[in-house]
Each structure stands twice: as structure tokens, then as C-alpha cells.
Amino acid sequence: MAKTTSKTKTVYICSQCGNENPKWAGQCPACGAWNSFFEEVVQPEKPLPAMVADPLKRTQPKRLREISAESEIRQSTGISELDRVLGGGIVKGSLILVSGEPGIGKSTILLQMCMKMKDLRILYVSGEESPRQIKLRADRVGEYPENLFILPETDIAAVVERTEEVAPDLLVVDSIQTMYRQDMTSAPGSVPQVRECTSELMRLAKANEIPTFVVSHVNKEGAIAGPKVMEHMVDAVLYFEGERSSDHRILRAIKNRFGSTNEIGVFEMTESGLREIINPSEMFLLDKPENVSGIATLCVMEGTRPIIAEVQTLVSKTPFPSPRRTAVGFDYQRLNLILAVLERRCGLFFGASDVYVNVIGGLRLDEPAADLGVAVAMVSAVKDFVLPEKTMFIGEIGLAGELRAVSGIEKRLHEAASLGFTRCIIPARNKPKGSFPQEIIPAYSIKDVLNKI
Ligand code: TYD
Ligand code: MG
């Protein structure tokens with residue numbers, strides 16, 4: 001028996017990783033985030049909710065061969081790009097997190113999905129918008145299905161109760177940051193609330209086998225607002241992202257218990273909701289200036305996610321004795337290092353030129369695998385020739401000019417293939433496993449790369 005006491009205590013919880021500390025600290029010792037601790041009052045007498053409160057309902061162990069794989073039957077969402085990212089549709093009883101910045105289109109895609117799944121009984125819980133606002137959005141995106149119910153609610157207990165009453169085939173909760181448990185002191189959106197509400201929804205989804213989509217906003221660092229434990233709890237985490245200035249949206253799975261995380265779904269935000277882009281490579285290449293020197297495409301890993309980036313460079317003669325080097329989205333020291341390698345190992349001279357490097361889309365390339373792309377873009381700029389189309393450059397450059405192996409080469413190659421790249425130049429030391437549709441050109445050094453393009 002746990003000892004009960006009426007005394008409350010204060011702990012500090014990191015909003016980035018959920019780490020608990022007895023004392024406040026400027027930097028989280030677990031994840032290294034700065035200024036992420038906030039105070040939380042704990043009532044120790046409150047027992048932790050058990051997975052199933054009723055002991056009679058507790059699950060029993062089963063023989064593996066007696067377990068039916070029925071739960072693997074997938075339900076199509078009616079949106080093929082979404083099905084693809086989910087690994088072929090929705091698995092019964094799964095909890096899927098859809099996260100992204102506010103305004104990116106999370107509510108839109110989920111509402112569109114609900115409206116396409118006409119045969120299902122669906123409950124859409126909205127803590128952010130009124131039913132009228134949802135109706136206005138629905139008017140833009142399609143026809144109303146018969147069995148779509150809208151519930152404006154933020155109290156998680158009420159959500160659970162109504163869900164059990166309505167007994168839907170699918171549940172959408174928009175968003176987790178607006179949900180709260182009445183018996184907890186912290187504000188909606190705080191780490192404990194988000195964690196508890198997520199586990200409440202998890203129980204609901206598993207106990208009633210209702211597939212559940214949960215919307216979660218991300219903060220400006222791109223992390224899911226709330227503890228990392230939320231990511232660990234759910235079955236799949238989908239990121240919906242895109243630039244504010246462009247209508248293109250990319251949906252990708254960063255975790256999927258029922259499928260691969262290599263697939264992406266591409267959409268365009270239109271007047272009447274999101275439109276699927278069946279051939280994303282064309283869309284991607286549309287934005288890219290053609291027949292211009294100094295531009296290269298590369299692929300970096302953002303955590304577990306491969307992201308394709310375009311780097312633009314400009315090299316121009318300067319009359320001044322000390323030329324300028326400007327890098328936006330790329331490390332300045334790294335830029336100087338690559339310039340030195342190009343000078344010493346490839347005989348290219350940048351000494352009397354200003355060099356500008358810009359990564360498109362506000363991305364920051366913090367990873368050494370971006371070196372090769374930046375280097376070839378600069379060579380292309382200084383020699384004024386256009387790099388071959390649909391070619392991607394991946395590799396870290398060493399001081400001897402050698403190409404060093406990079407991690408996650410398969411993921412990068414899959415991403416390149418899914419965006420229509422037909423040639424990938426990679427370090428010869430990387431030996432990618434599996435088969436890839438594109439031509440893969442191994443290279444030993446930056447000089448070798450320049451000979452091969
Ligand atoms: P929304 O789905 O509300 O974003 P989120 O739920 O991620 O916060 O998307 C809102 C944006 O999408 C808003 O700027 C308006 C735009 N939009 C369209 O351009 N066309 C449409 O048909 C709809 C419904 C929204
Ligand atoms: Mg929304």
C-alpha cells in the first residue's frame with residue numbers, strides 16, 4: 001500500500017522532455033533545454049489511475065498464436081496521401097497524434113477526412129472552435145455526411161462520457177492543449193494536463209477500440225508542446241508542416257507502430273480545403289529556379305526526419321581586401337572550412353570574392369551531411385555552370401577533401417526517391433542497404449564528385 005499523506009509538494013517539470021526535478025534549474029539536465037522548467041504542485045495522496053480500474057476487466061496473457069490479427073485490418077481515410085503516411089489506413093483502436101504549427105491545416109485535414117468517411121459514425125470534439133465555425137469550414141471543403149457529430153468540449157471527463165454514449169467508429173480531439181482534467185490544478189496545455197489527457201484518450205481508444213486522432217500544436221522550436229512522453233504513448237505521430245508563404249503542406253510520420261516512417265503525404269491548401277498532390281516531385285521542382293548556377297539540393301536529418309533542402313549561393317568579385325562571407329541557415333565556421341578545402345584540394349580560388357550562402361525556407365542545416373551540397377553549390381556559382389537536374393548531394397567533407405559517411409543514408413535516399421530525384425551522389429563509404437529507384441553515385445572525395453557531375 002502506498003503511504004498517503006495530505007501534504008502537497010512542488011516539483012519542477014521540463015516542458016520539453018517531461019523530466020521532473022525537485023529544484024528549479026536554468027537548464028534541464030535530461031534534455032539540455034534552457035529555461036524549460038515550470039512549477040507543478042503534486043498531491044501525493046491521489047492514486048495514479050490504473051490502466052483498467054476494475055480488476056475483473058484486467059487483461060490476461062494470451063498465447064501468441066491465439067491472438068487474432070484482426071486489429072491489423074485498416075480503414076481507409078478517403079485521403080490517399082493520409083493513408084500512405086499512416087501505412088495504408090487507420091488501424092482499429094490506434095491513437096494518432098497530428099501535430100504542427102497553428103494555422104498549418106490540422107483541423108482542415110481532419111475535418112476533410114471525417115467528411116470523406118461517410119459510412120462511419122464520427123465524433124469530432126473541438127475545444128478550439130465553435131460548431132458554427134466548424135460548419136463554415138465544412139461548407140468550404142465538401143458535403144456533410146449523415147453521421148458526423150460535433151462536440152464543443154474541453155473537459156476530458158465529459159469527452160470520455162460523451163464518446164461512450166455516442167459510441168463512434170472514429171474520434172477526433174482538436175486539440176490536446178485545450179483539454180483538461182478538472183481534478184488537476186495546472187492549466188490546460190501544461191505538461192501534466194497534456195500527459196493525463198493523452199493517457200485518458202489512450203484508455204478510451206484501447207478499451208473501446210475507437211481509432212482516435214488527437215491534434216497537438218507545436219511550439220516555435222518545433223517540439224511537440226508538452227512532454228516527450230506523449231510521443232511515446234501514442235501509436236503514431238504525424239507532423240503537418242509547410243511554409244507560411246507557400247500553400248504546400250507536407251505530412252509525415254515521425255513515429256508509426258503500424259507502418260514505415262519513410263512515406264510523406266503532400267498537399268496544397270486551396271480555397272476549398274486541402275488538395276492532394278499525387279506527384280510531389282513536380283511540385284517541389286516547380287519552386288526551384290531552373291538554369292541558375294549556385295543552387296544545389298541536399299538532404300539533412302532533422303531528428304529522425306529526412307528533410308530535403310535547397311541551398312543557394314552567390315560568389316561575386318569584390319574590390320575590397322577582405323571579402324565578405326555571409327551564411328544564412330548554415331554555420332559560418334563550417335562555410336569557411338569548406339571554402340578552405342575547395343581552395344586547397346580542388347584549386348578553386350575564392351580569395352577575391354564575396355560568398356553568400358542561403359538555405360531556402362528558413363531551415364538551419366546543422367548537420368555535416370549538408371557539406372557536399374553547400375560545396376557543390378559554391379563550385380557551381382564560382383564556375384558559373386548549372387548543376388544537373390534532379391540530382392541530390394549528400395556527404396560530410398573532411399579536411400583532406402574526402403567524403404565521409406553519413407548516418408541514415410537509406411532514409412535520405414528514400415526521401416529523395418519519393419520527391420522524384422533521379423540521381424544521388426553519396427559518400428562511397430556509405431553502403432546503403434535495400435533497393436532504390438534512383439541512380440546512386442558513390443564518390444570518394446569532393447574532387448571525385450566534381451569529376452562525376
Ligand atoms: P486550420 O486547419 O484551422 O489550421 P490548424 O488547425 O492547424 O491551426 O487551417 C487554417 C488555415 O487554412 C487558415 O489560414 C485558412 C486556411 N484555409 C484555406 O486556405 N482554405 C480552406 O478551405 C480552409 C478550410 C482553410
Ligand atoms: Mg485547428
Side-chain angles (χ1 to χ4, degrees), residues 77-82 85-86 95-118 122-145 148-156 159 170-180 188-189 193-194 197-198 201 212-226 230-231 234 236-254 264-277 283 287 305 361-362:
T77 61
I79 301 176
S80 61
E81 290 290 292
L82 178 57
V85 176
L86 288 171
L95 189 66
I96 299 151
L97 200 66
V98 177
S99 56
E101 284 177 25
I104 207 72
K106 302 179 293 298
S107 305
T108 306
I109 193 173
L110 291 177
L111 186 65
Q112 274 184 264
M113 174 189 79
C114 293
M115 292 174 77
K116 290 225 164 146
M117 298 172 90
K118 288 193 171 23
I122 301 177
L123 181 61
Y124 188 109
V125 180
S126 179
E128 303 202 335
E129 288 154 317
S130 68
R132 209 181 135 264
Q133 281 173 302
I134 296 173
K135 175 130 189 178
L136 287 176
R137 174 181 288 130
D139 283 338
R140 293 170 71 166
V141 303
E143 286 167 27
Y144 316 129
L148 174 56
F149 298 86
I150 308 292
L151 173 70
E153 185 58 78
T154 50
D155 180 346
I156 196 77
V159 170
L170 183 85
L171 175 68
V172 176
V173 178
D174 186 0
S175 66
I176 194 70
Q177 278 85 15
T178 57
M179 298 295 143
Y180 73 101
Q193 286 283 11
V194 164
C197 291
T198 309
L201 291 171
T212 304
F213 282 83
V214 178
V215 170
S216 170
H217 296 293
V218 296
N219 60 19
K220 56 185 181 302
E221 282 89 32
I224 289 181
M230 190 159 70
E231 279 191 41
V234 301
V237 181
L238 311 185
Y239 266 74
F240 205 29
E241 54 194 18
E243 274 176 56
R244 287 208 169 264
S245 53
S246 122
D247 292 332
H248 298 132
R249 303 283 182 266
I250 292 189
L251 184 71
R252 58 179 95 228
I254 61 152
I264 62 171
V266 185
F267 299 87
E268 184 185 12
M269 184 61 97
T270 69
E271 287 284 287
S272 53
L274 289 153
R275 191 173 70 84
E276 297 179 57
I277 308 271
M283 172 216 94
D287 287 350
R305 294 184 291 167

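Both counts, for ligands and for their atoms, begin at 1 and track the order of listing.
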* **Donor-acceptor contact below 3.5 Å, side chain R249 vs main chain I104** => yes
* Can you find a protein heavy atom under 4.0 Å from atom 23 (C) of ligand 1? -> yes
* Asked: Are L110 and D174 close enough that some pair of their side-chain heavy atoms sits under 4.5 Å apart?
  -> no
* **Atoms named by residue and atom, protein N, O or S, within reach of the Mg ion (ligand 2) (under 2.8 Å)** => S107 OG
* **Non-hydrogen side-chain atoms of L201 and I156 separated by less than 4.5 Å** => yes
* Structure fact -> Note: heavy atom closest to atom 18 (C) of ligand 1, options E101, R140, R137, belongs to R140
* Using distance alone, determine whether G273 and ligand 1 share an N or O pair under 3.5 Å. => yes
* To do: Could you check if a side-chain atom of V214 sits within less than 4.5 angstrom of a side-chain atom of L95, using non-hydrogen atoms only?
  => yes
* Do V172 and L111 touch side chain to side chain, with heavy atoms closer than 4.5 Å? -> no
* Is there a donor-acceptor contact under 3.5 Å from the side chain of E81 to the main chain of F267? -> no
* Asked: With a cut-off of 4.0 Å, which atoms of ligand 1 are near a heavy atom of S272?
  -> 22 (O)
* Heavy-atom contacts under 4.0 Å between T270 and ligand 1: side chain, backbone, both, or neither? -> backbone
* atom 2 (O) of ligand 1 - nearest protein heavy atom and its distance -> T108 OG1, 2.6 Å
* To do: Go through the side-chain N and O atoms of S175 and E128 and say whether any donor and acceptor fall under 3.5 Å apart.
  => yes
* Asked: For ligand 1, which atoms have a heavy atom of E271 less than 4.0 angstrom away?
  -> 20 (N), 21 (C), 22 (O)
* Structure fact -> When every non-hydrogen atom of I176 is compared with those of C197, the smallest separation belongs to CD1-CB, 3.8 Å
* To do: Name the closest protein heavy atom to atom 4 (O) of ligand 1, giving the residue it belongs to and the distance to 0.1 Å.
  => G105 N, 3.1 Å
* **Heavy-atom check, side chain of P188 versus side chain of M179, under 4.5 Å** => no
* Structure fact -> For atom 16 (C) of ligand 1, the closest protein heavy atom turns out to be M269 CE, 3.9 Å
* When you measure from the side chain of R252 to the backbone N and O of V85, does any donor-acceptor pair fall under 3.5 Å? -> no
* Can you check whether G103 has an N/O within less than 3.5 Å of an N/O in ligand 1? -> yes
* Looking only at atom types and distance, does a side-chain atom of K106 sit under 3.5 Å from a main-chain N or O of G100, one as donor and one as acceptor? -> yes
* Got a donor-acceptor contact below 3.5 angstrom from the K135 side chain to the S130 backbone? -> no
* Identity and distance of the protein heavy atom lying nearest atom 6 (O) of ligand 1 -> S107 OG, 2.7 Å
* Test of proximity, P102 against ligand 1: N or O pairs below 3.5 Å -> no
